[in-house]
Amino acid sequence: MLKNRRRIVLLFICFLIFIQAVYYVFTLRGKTIQVKIINSPTTSLNERKTDIEKLFAYVIKNSTIINNASASNESIRGVNSFAEGTFAISINFTKPDPVEYSSLPICNFSISNNDSSVYKVAINKTIYSLNVIEQHHGTDLHLGGHYFPKTCQAQQRLAIIVCYRNRLLHLKLFLDNIHPFLKQQKLDYTIFIVNQHGNEKFNRAALFNVGYIEAMKLYSFDCFIFHDVDLVPEDLRNLYRCGEQPRHMSVAVDKFNYRLLYSTLFGGVTAFSISDFVSANGYPTVYWGWGGEDDDMYQRVVRKLKKKIVRYPMEIARYKMIRSFNHTSSVVNPDRHAILYSKYNYDHDGINSMTYKLHGVTFYKLFTLVNVTLTEESFEQIRLRLNIKRREPRRLKPQKKKA
């Protein structure tokens, strides 16, 4: 009898420990973060890791850990959707051995073949589950969607930042097509999916900033490509690399009959060296809903960086836009033009003004998932913070009466 009581007591204690452990796992990782960037002189794209960390450091201010019980009781958007994929909550981010890697020859992907057909990409349009996509491309991937070639030394460390909310079918097609594309170009790359949780209006540009901030905690990336989840490249000569000027990658999209809609278009897929991205203060954070952020980023390149964007030729920078799958676009932002044409000070908005709640970073085989909730601002709050003047309605001049 005494033995039975002891067993019951022991089981009860084990049960309590288990409940506490589950609660700890699901409520630990909520952080509200404000970020300030220390601007610095530009540097070569081939700087070593320690130099990049010194030159492009950021300071996290007012970091606070909160018990995010509300997010654990309801599924954080995007987490359960990816349950079929291999993942880990915490890893030591795999990096090439510096001594061994430096002894390898420089990777070279040639685009000099006169037969352009050899560079055409066969787009896979079949939707597979994440575990099947892992079988397609995951054997040489490290957790977090990180790949680097084993026989040569990649010249850049590339972070692909994808903004995301409730587009799982698009994501599966994107991952199944982008991984083989990037591997063929012999790149050291990692794919980051930045998922916006909550009911706030979608903020594409702010998610790109979050991706940059969280990526830099893991690896000394020096090239960033900001990517819509519904665009897939069609030509291997469209090199996913960064240069001395920001590049507009998605020049010719099939939805628009492979034409550039207007000369200052800078949306879809864009590439920035880390020096240019930091000097531009990242993307704007003030465009909630659809529209405005890509034109704002173009203005930052021209006005703040004093540079021009570059593009590959139309026949190379071709993209397939994945069909909608009943996806509903964000509501058009009615205040986008008022912000865009106000010529506000770009130093007052961007990476250095980011505020977000970090729910967690999960390392899937095919990508690194960053789950966040953004803090939405009203237009009036934005107007006051950026000192945007109200535009008075135009007054009609009184017409003289005819005699």
Side-chain angles (χ1 to χ4, degrees), residues 43-53 55-56 85-88 90-111 119 121 130 133-162 171 174-194 211-227 232-233 236-243 247 249 269 271-275 277 361-370:
T43 185
S44 165
L45 295 180
N46 294 317
E47 294 285 350
R48 302 317 303 164
K49 173 182 175 180
T50 53
D51 297 325
I52 289 177
E53 288 174 342
L55 287 169
F56 303 102
T86 304
F87 71 93
S90 177
I91 62 169
N92 290 323
F93 193 79
T94 306
K95 305 171 186 178
D97 179 82
V99 176
E100 181 181 340
Y101 205 58
S102 61
S103 66
L104 297 175
I106 300 298
C107 295
N108 178 41
F109 177 72
S110 175
I111 57 172
Y119 299 110
V121 177
L130 291 178
I133 299 172
E134 288 177 11
Q135 295 172 16
H136 293 170
H137 314 298
T139 55
D140 50 359
L141 279 177
H142 301 280
L143 275 174
H146 183 203
Y147 172 86
F148 53 87
K150 304 299 188 295
T151 58
C152 62
Q153 181 184 171
Q155 292 181 282
Q156 296 182 338
R157 294 171 293 276
L158 168 64
I160 307 281
I161 311 295
V162 182
L171 179 60
F174 174 77
L175 292 170
D176 207 14
N177 284 283
I178 200 68
H179 275 297
F181 176 87
L182 298 172
K183 289 179 184 179
Q184 287 184 75
Q185 293 189 359
K186 302 177 182 179
L187 304 173
D188 179 347
Y189 73 88
T190 307
I191 296 177
F192 292 87
I193 307 300
V194 188
Y212 162 78
I213 293 165
E214 296 301 323
M216 288 303 292
K217 296 177 183 178
L218 297 173
Y219 196 34
S220 55
F221 294 103
D222 52 17
C223 175
F224 288 82
I225 292 184
F226 301 96
H227 216 297
V232 178
L236 282 166
R237 294 171 296 176
N238 189 356
L239 299 178
Y240 271 47
R241 297 175 185 169
C242 296
R247 183 178 295 278
M249 307 286 288
V269 186
F272 283 86
S273 68
I274 188 171
S275 56
F277 191 68
V361 178
T362 307
F363 301 93
Y364 286 82
K365 187 69 172 177
L366 298 168
F367 56 91
T368 295
L369 176 67
V370 180

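For reference, positions follow the sequence shown, starting with 1.
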Does the side chain of F87 come within less than 4.5 Å of F363's, by heavy atoms? no
For N177, the side-chain hydrogen bond (donor to acceptor under 3.5 Å, both in side chains) test, sequence neighbours excluded, returns none
Spacing of T151 atom OG1 and K186 atom NZ [to the nearest 0.5 Å]: 6.5 Å
Taking the side chain as everything from C-beta on, heavy atoms only, tell me whether L236 gets closer than 4.5 Å to I111. no
If you take all heavy atoms of M216 and I274, which pair is closest and at what distance? CE-CD1, 3.5 Å
Do V361 and T368 touch side chain to side chain, with heavy atoms closer than 4.5 Å? yes
Name the orientation class of the two ring planes belonging to H146 and H142 (parallel below 30°, tilted from 30 to 60°, perpendicular beyond 60°). tilted
Give a yes or no on whether the backbone of G85 and the side-chain of E134 come within a donor-acceptor separation of less than 3.5 Å. no
N/O donor-acceptor pair under 3.5 Å between Q135 side chain and L130 backbone: no
Smallest separation among heavy atoms of D176 and H136, with atom names: OD1-ND1, 3.1 Å
Beyond-backbone contact of Q155 with I106, side-chain heavy atoms, under 4.5 angstrom: yes
Does any part of the side chain of L158, heavy atoms only, come nearer than 4.5 Å to the side chain of T190, both counted from C-beta? no
What I'd like to find out is whether the side chain of L143 reaches to under 4.5 Å of the side chain of T94, using heavy atoms alone. no
Please check if the side chain of K183 supplies one atom and the backbone of H137 the other of a donor-acceptor pair under 3.5 Å. yes
Sub-6.0 Å ring centroid separation between Y240 and F109: no
Locate the shortest heavy-atom distance separating A154 from C107; write the atom from each residue and the value. N-SG, 3.6 Å
Locate the shortest heavy-atom distance separating G211 from V194; write the atom from each residue and the value. CA-CG2, 3.7 Å
Verdict with reasoning, I193 to L171, per side-chain contact (heavy atoms from CB on, under 4.5 Å): CA-CA 9 Å; I193 307 300; L171 179 60; 3.6 Å; yes
Could you check whether the rings of Y101 and F148 sit parallel, tilted or perpendicular, using 30° and 60° as the cut-offs? perpendicular
Is the Lys NZ or Arg CZ of K150 less than 6.0 Å from the centre of Y147's six-membered ring, within 45° of the axis? yes
Taking K365 for the side chain and L141 for the main chain, is one N or O donor matched with an acceptor at less than 3.5 Å? yes
May I ask you to say whether D188 pairs ionically with R157, meaning some side-chain N is under 4.0 Å from a carboxylate O? no
Say you draw a straight line from CD1 of I160 to CG of L175; how long is it, rounded to the nearest 0.5 Å? 11.0 Å
Nearest 0.5 Å please: distance from the CD atom of Q153 over to the CD atom of E100. 11.5 Å
Any donor-acceptor pair under 3.5 Å from K95 side chain to F93 backbone: no
Mind checking the OH-CD1 spacing from Y364 to I191? Nearest 0.5 Å is all I need. 15.0 Å
Establish, yes or no, whether a centroid distance under 6.0 Å links the rings of F224 and Y212. yes
Looking only at non-hydrogen atoms, find the nearest pair between P96 and Y219 and report the distance. CD-OH, 3.3 Å
Does the Q156 side chain pair with the main chain of C242, one donor and one acceptor, at a distance under 3.5 Å? yes
Side-chain touch L366/H179, heavy atoms, less than 4.5 angstrom: yes
Is the closest side-chain heavy-atom distance between F181 and V121 below 4.5 Å? yes
Once you round to the nearest 0.5 Å, how far does CZ of F367 lie from CD1 of I133? 9.0 Å
